[in-house]
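Heads up, the thing below is written out as structure tokens.
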There are 2 protein chains.
Amino acid sequence: MSEVNLPVASFSPLYEQIKVMILASLQAAEWLPGAVIPSEMELAARYAVSQGTVRKAIDELAAQNLLVRRQGKGTFVATHQEDDWQYRFLRLAPDSGEKFLLTSQFLSCLKAKASSHIANLLKLKAGDTVIQIDRVQSFAGKPIVFEEIWLPATRFKDLDLDALNAWHGPVYALYESQFATHMVRAEEKIKAISADGVLAGHLQIAAGSPLLSVERVAFTYGNKPVEIRHARYDTSEQHYENKLN
Amino acid sequence: MSEVNLPVASFSPLYEQIKVMILASLQAAEWLPGAVIPSEMELAARYAVSQGTVRKAIDELAAQNLLVRRQGKGTFVATHQEDDWQYRFLRLAPDSGEKFLLTSQFLSCLKAKASSHIANLLKLKAGDTVIQIDRVQSFAGKPIVFEEIWLPATRFKDLDLDALNAWHGPVYALYESQFATHMVRAEEKIKAISADGVLAGHLQIAAGSPLLSVERVAFTYGNKPVEIRHARYDTSEQHYENKLN
DNA sequence: GAGTGGTCTAGACCACTAC
DNA sequence: TAGTGGTCTAGACCACTCC
């Protein structure tokens, strides 16, 4: 009666614990985006479990897009610097169905005090410094997207307009290569709004035109929010696509 | 040299073939939504494979929300008639964060010839008969959603306004219980639009107000499209939520 | 206690990639 | 040919549900 007093704490299978350890290695940047992680056999030896248990852990991390398995080659840390990942988080598509290549123009990149709203979303203290970026993206010469981006200044130190203009490729790839920050997932809140004068100017449309307002919070490893983005899409000739499963 | 002439056809693992067979049973309504399917051991015997192989097949079907595993009880066919599935495909949420209970009012339910656009999406012939339903959904007395729904008349024979009004619960649960049609997944295309006079009337807002236009195609087993829905959301006090993984 | 899904193991063999 | 991930098996044992 006395020796057993089992914790009510819920049962945690071995492979969950292995997932946590692999996650820790990812978070600690022991394995960098794009790099191979040790083989299943090596990991099984390291953690002193069977290959099958490691497999199950890796399977689930791969299902969450944190790892990518490649038969015959190995298992790799997911990265936004891959061709097929360029548009991972972009749900906008032309109505016509053709491919679309957006060109990006950065308007400004400034340091500022975080508003309470932004501080809240980024889990900073009110008044902490953030970097604020404005940009416009165009398709076939027509501006389609106006975006405001907020980043914590500590993590993205030294990011400025020159660095942004020098970079060619997705912003998330830049975050990875310059600031060791890999985006894992994001949440968006979407509304319909009317274009005010400023937006109308940026997007070359009439004031009052309907626009899609997309507020995004993007997270790195460990559910840490590290980017806020408020985008407005001109959806007159493109739409936001979503799959419900 | 002569006896071997391997098909270039790609290799298909056993568990994939089992998935296909289970899928066939679902599609043939051998196991109905909400019902238990045979145990892993029974299926292993039926298909003459090991339990592990059946497990893998079921795992993947469960990941696609076609089956639901319940430890100690069995594996069940997914159904929209479950409490936690009521809002499976509804991404609209109040800005305030509170729960929300929508009340539904059906305006009309008529038979008509399919437009080429609708026929196309439903994979019908132009001119085939469809059922067209209009409805408004309200939150706290305020109309929030106006929806037009198109269904193939053959599959949804006898659906009329009385049947809709008599039903209390999600429309997808009605499809299941009355028409043996379970919705598996859906695709949505979202745009921002301006309310015209008709929409303004339905939603009790000013003409010209921005609205979210959501065009949905919903599919049953076998990727068969069986419902088209064109909804307009008033997003002044609620938003469309999306998770990007 | 019997039955279900869930975990873990060990080992054999297959498919794919690289050298 | 060696090394990686992918498949399949068989069996032991655990966790949960229901009777």
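Computation of the quantities below employed the complete heavy-atom set of this structure, encompassing side-chain atoms and omitting hydrogens, waters and symmetry-equivalent molecules. Proteins get letters first, then strands, A, B, ... in listed order; numbering begins at 1 in each.
A/Ser96 is linked by a side-chain hydrogen bond (donor to acceptor under 3.5 Å, both in side chains) to A/Glu98, counting only residues two or more places apart in sequence or in another chain. Every residue two or more places apart in sequence or in another chain that forms a ring pair (Phe, Tyr, Trp, His ring centres under 6.0 Å) with B/Phe156 is listed here: B/Tyr175, B/Phe179. In this view, A/Asp59 and A/Arg69 satisfy the side-chain hydrogen bond (donor to acceptor under 3.5 Å, both in side chains) rule, not counting sequence neighbours.
In this structure, A/Arg70 satisfies the cation-pi test against A/Phe76, with its NZ or CZ atom closer than 6.0 Å to the six-membered ring centre and inside 45 degrees of the ring normal.
Put simply, CG on A/Leu14 is 13 Å from C1' on C/dG6, counting in whole angstrom units. For A/Arg69 and D/dT4, the CZ to P distance is 13 Å, given to the nearest whole Å. The distance from atom NZ of A/Lys56 to atom C1' of C/dT9 is 14 Å, rounded to the nearest whole Å. Distance A/Asp59 CG to C/dG6 P: 15 Å, rounded to the nearest Å. Taking atom CZ of residue A/Phe11 and atom P of nucleotide C/dG5, one finds them 17 Å apart after rounding to whole Å. Rounded to whole Å, atom P of D/dA10 lies 11 Å from atom CD of B/Gln51. Separating the CE atom of A/Met41 from the P atom of D/dG6 is a distance of 14 Å, rounded to the nearest angstrom. Taking atom CG of residue A/Leu43 and atom P of nucleotide D/dG5, one finds them 8 Å apart after rounding to whole Å.
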Side-chain donor-acceptor pairs of residues 217-225 of chain B under 3.5 Å, sequence neighbours excluded:
| residue | atom | partner | partner atom | Å |
| --- | --- | --- | --- | --- |
| B/Thr220 | OG1 | B/Lys224 | O | 3.4 |
| B/Asn223 | OD1 | B/Arg185 | NE | 3.1 |
| B/Asn223 | OD1 | B/Arg185 | NH2 | 3.1 |

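In terms of phosphate contacts, A/Ser50 brings no side-chain nitrogen or oxygen within less than 4.0 Å of OP1 or OP2 of C/dC8. Contact between the side-chain N/O atoms of A/Thr53 and the OP1/OP2 oxygens of C/dT9 is found at a separation under 4.0 Å. Within the structure, every side-chain polar atom (N or O) of B/Arg55 is placed at least 4.0 Å from both OP1 and OP2 of C/dG5. For A/Tyr15, a side-chain nitrogen or oxygen approaches OP1 or OP2 of C/dT7 to under 4.0 Å.
Taking the charged nitrogens against the carboxylate oxygens, A/Asp95 and B/Lys191 do have a contact shorter than 4.0 Å, which makes a salt bridge. Salt-bridge check for A/Arg229 with A/Glu148: failed, with every basic side-chain N at 4.0 Å or more from each acidic carboxylate O.
Within a heavy-atom distance below 4.0 Å of DNA chain C, the residues of residues 70-80 of chain A found are A/Gln71, A/Gly72, A/Lys73. Using a 4.0 Å cutoff on non-hydrogen atoms, no part of residues 17-30 of chain B comes near DNA chain D.
Taking the six-membered ring where the residue is Trp, A/Phe89 and A/Tyr172 present perpendicular rings, their angle passing 60° and hence far from 30°.
With the nearest nucleotide of DNA chain C identified for both B/Ile58 and A/Glu16, B/Ile58 has the one nearer the 5' end.
Between D/dT4, C/dC8, D/dT9, one nucleotide has an atom nearer to the side chain of B/Val49 than all others, and that is D/dT9.
In this structure, A/Glu237 places its CD atom where only 12 or fewer heavy-atom neighbours from other residues, nucleotides or ligands lie under 6.0 Å away.
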